Asks: 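Have a look at this one before I ask anything.
When reading the values below, keep in mind they use all heavy atoms of this one structure, side chains included, and skip hydrogens, waters and symmetry mates. This structure is a prediction, so every number in the text was calculated from the model and none was measured.
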Amino acid sequence: MLFRVLADIVVVVHFIWIVFLIFGALFGRRYKTVKYIHIGGLSFALVIQAVDWYCPLTHLEIWLRTRQCTPETVCRSFIIHYLEKIIYVEAKRW
């Protein structure tokens, strides 16, 4: 149960991070530290997409889920199911 809860927390943090990358520039105009974190995060996200890597939060979530879940069990809560649909968008590579 602990690994399931930790995996759900990682999904929520991942979603918050994506929202920050989208809207962080609004807060970055006022706060200099937020601006540097936002630019660094966008740069990291750009490198991840260019090199075709997975986000470290994705790796952590998968590892936590494999520690708890078996193929026969459902290891996602209702809310996490829909957050993952937003986070892991199925899009064409081009």
Asks: With a 4.5 Å limit on heavy-atom distance, are the side chains of Val10 and Arg65 in contact?
Replies: no
Asks: Between Leu26 and Tyr36, is there shared hydrophobic-cluster membership here, with clusters defined by ILVMFWY side-chain heavy atoms closer than 4.5 Å?
Replies: no
Asks: With sequence neighbours excluded, tell me which residues meet ring-ring contact (aromatic ring centres under 6.0 Å, His included) with Trp63.
Replies: none
Asks: Between Leu6 and Leu60, is there shared hydrophobic-cluster membership here, with clusters defined by ILVMFWY side-chain heavy atoms closer than 4.5 Å?
Replies: yes
Asks: Please say yes or no: joined through hydrophobic side-chain contacts below 4.5 Å, possibly via intermediate residues, are Trp17 and Phe23 part of one cluster?
Replies: no
Asks: Please enumerate all residues that pass side-chain contact (heavy atoms from CB on, under 4.5 Å) together with Tyr31, with sequence neighbours excluded.
Replies: Val34
Asks: Sequence neighbours left out, cut at 3.5 Å: what donor-acceptor pairs do the side chains of residues 37-45 make with other protein atoms?
Replies:
unit_1 : atom_1 : unit_2 : atom_2 : d
His38  : NE2    : Leu21  : O      : 3.0
Ser43  : OG     : Ile39  : O      : 2.8

Asks: Same cluster or not: are Phe20 and Val13 linked, directly or through other Ile, Leu, Val, Met, Phe, Trp or Tyr residues, by side-chain heavy atoms under 4.5 angstrom apart?
Replies: no
Asks: Please report the closest heavy-atom contact between Pro56 and Ile48, naming both atoms and the distance.
Replies: CD-CD1, 4.3 Å
Asks: By side-chain contact (heavy atoms from CB on, under 4.5 Å), which residues pair with Ile62, not counting sequence neighbours?
Replies: Thr58, Thr66
